[in-house]
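Just below is one structure, and these are the notes that go with it.
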Amino acid sequence: MDIDSIGIVGAGTMGSGIAQACAVKGLPVVMVDINQQAIDRGLAAIGASLERLIKKQTLSGAEKSAALARITTGIELSALAGAPLVIEAATENEALKIGILKQLDALLPGAAIIATNTSSISITRLAAATRRPDRVIGVHFFNPVPMMALVELIRGLVTSDATHETAKAFTERLGKTPITVKNAPGFVVNRILVPMINEAFYVLAEGVASPADIDAGMKLGCNHPIGPLALGDMIGLDVCLAVLEVYYAEFEDSKYRACPLLKEMVAAGWLGRKTGRGVYSYQAGPALAP
Ligand SMILES: NC(=O)c1ccc[n+]([C@@H]2O[C@H](COP(=O)([O-])OP(=O)(O)OC[C@H]3O[C@@H](n4cnc5c(N)ncnc54)[C@H](O)[C@@H]3O)[C@@H](O)[C@H]2O)c1
């Protein structure tokens with residue numbers, strides 16, 4: 001099936017980023033959310049992001065206008081009828097996503113592909129909620145979508161080769177680099193990344209080194225652009241803990257047990273940048289490190 005337009009469910013951080021990436025590459029997009037305020041926030045984020053690209057001189061004013069003109073919106077899933085590929089990027093909640101996928105399944109042409117941007121929910125389970133599990137695939141973009149090159153393509157047990165090939169060609173058309181992953185908790189990147197952050201917390205809790213030295217060690221010794229503790233603060237320590245708890249439960253392996261210090265900090269409400277304090281302080285007040 002020729003992918004000549006894209007439907008997107010969710011106009012939040014990821015949905016709006018995916019809409020922008022598609023529109024800039026010339027693909028017409030229909031972006032749906034639950035109400036007009038959410039749509040307006042998404043469109044404002046896209047406008048601001050395109051404006052930053054103009055300032056960086058990687059986009060012209062005419063290209064910005066053309067990209068925005070390719071994005072239409074709606075507050076009903078029925079606005080997506082006829083789309084050959086719909087990417088679900090709604091809130092990370094399994095029951096919610098299953099409800100959306102069932103509605104899309106009933107609405108879309110038989111040959112259409114349903115992709116989901118979920119970070120943690122089983123693609124095989126989501127696909128099984130539809131009558132087209134062979135045409136369901138995980139297409140996991142990274143944040144911020146317009147800047148990040150990687151897309152993980154997650155094949156559920158039943159995802160067909162044709163669906164995988166179509167999704168691969170689509171992400172390449174966006175200028176992204178796809179990697180192919182079997183359905184497994186955390187896929188590839190987060191499976192490796194989040195336990196590394198957890199290990200940094202153990203190193204910190206044991207007093208092996210200071211936060212600044214742990215982060216400097218990984219930046220200078222491994223060429224990482226950011227240290228694991230600063231990255232944890234950026235992702236949100238509650239998100240890191242929740243992901244570890246999923247791995248611990250799903251793999252039934254103690255190597256994924258969350259560091260008690262990480263749990264303590266989440267219990268205290270020190271969630272990282274979003275609360276102003278985590279391992280580091282982003283405002284006046286206590287934190288583990290200045
Ligand atoms: N934020 C990230 O860094 C990141 C990275 C990769 C993947 N993801 C995944 O992408 C998905 C979206 O995450 P986000 O960060 O954009 O969340 P977000 O909270 O910014 O946006 C979610 C949007 O979905 C909308 N929504 C909820 N129910 C809906 C429905 N029934 N129909 C239409 N829209 C609905 C909400 O109104 C909201 O605007 C999640 O599955 C998340 O796990 C997030």
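Start at 1 and go down the list; that is how both ligands and their atoms are numbered. Since we're looking at a predicted model, the values are computed, not measured. Numbers here are sequence positions counted from 1.
- Residues satisfying the side chain to side chain contact (heavy atoms under 4.5 Å, CB included) criterion with T91, sequence neighbours excluded, are L96.
- Looking at I121 against ligand 1, nothing comes within 4.0 Å, counting heavy atoms.
- Among protein heavy atoms, atom 21 (O) of ligand 1 sits closest to G12 CA, 3.3 Å.
- Counting non-hydrogen atoms of neighbouring residues, nucleotides and ligands closer than 6.0 angstrom, the NZ atom of K168 reaches no more than 12 such neighbours.
- Between the side chains of S120 and E92, a donor-acceptor pair is found at a separation under 3.5 Å.
- Residues F187 and T118 come closest through the heavy atom pair CE1-O, 3.4 Å.
- Of the protein's heavy atoms, M14 CG, 3.9 Å lies nearest to atom 14 (P) of ligand 1.
- Annotation: atom 31 (N) of ligand 1 to nearest protein heavy atom, I100 CD1, 3.6 Å.
- With a heavy-atom cut-off of 4.0 Å, N143 touches ligand 1 through its side chain alone.
- Side-chain atoms of T166 and T163 form no donor-acceptor pair, as typed in the model, at a separation below 3.5 Å.
- Partners of I98 according to the side chain to side chain contact (heavy atoms under 4.5 Å, CB included) rule, which considers only residues two or more places apart in sequence or in another chain, are E94, K102, L126, A129.
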Dump the intermediate steps for side chain to side chain contact (heavy atoms under 4.5 Å, CB included) on E152 and V189, then the final yes or no.
CA-CA 8 Å; E152 290 178 314; V189 173; 3.4 Å; yes

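- When distances from atom 19 (O) of ligand 1 to the protein are checked, no heavy atom turns up under 4.0 Å.
- Ligand 1 has no atom lying under 4.0 Å from any heavy atom of E88.
- Heavy atoms of R41 found under 4.0 angstrom from ligand 1: none, in either backbone or side chain.
- Applying the 4.0 Å criterion to heavy atoms of S119 picks out, from ligand 1, the atoms 6 (C), 7 (C), 8 (N), 9 (C), 42 (C), 43 (O), 44 (C).
- Here is the list of ligand 1 atoms found below 4.0 Å of a heavy atom in T118: 41 (O).
- Atom numbering of ligand 1 starts at 1 in the shown order; those under 4.0 Å from a heavy atom of V9 are 32 (N), 33 (C).
- With ligand atoms numbered from 1 in the order given, ligand 1 contributes 15 (O), 16 (O), 20 (O) to contacts under 4.0 Å with heavy atoms of T13.
- Under a 4.0 Å criterion applied to the non-hydrogen atoms of K97, ligand 1 contributes the atoms 40 (C), 41 (O).
- Residue contacts with ligand 1, taken as heavy atom pairs separated by less than 4.0 Å, involve L96 solely via side-chain atoms from C-beta onward.
- Residue contacts with ligand 1, taken as heavy atom pairs separated by less than 4.0 Å, involve A89 solely via the backbone atoms N, CA, C and O.
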Trace of the ring-ring contact (aromatic ring centres under 6.0 Å, His included) decision for Y256 with Y247:
CA-CA 6 Å; Y256 296 109; Y247 298 169; 5.6 Å; yes

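- Nearest protein neighbour of atom 39 (O) of ligand 1, counting heavy atoms only, is D33 OD2, 2.6 Å.
- The protein heavy-atom contact nearest to atom 27 (C) of ligand 1 is T91 OG1, 3.2 Å.
- Neither the backbone nor the side chain of F142 comes within 4.0 Å of ligand 1, counting heavy atoms alone.
- Under the 3.5 Å distance criterion, with hydrogens and angles disregarded, no donor-acceptor pair is assigned to the side chains of T13 and N143.
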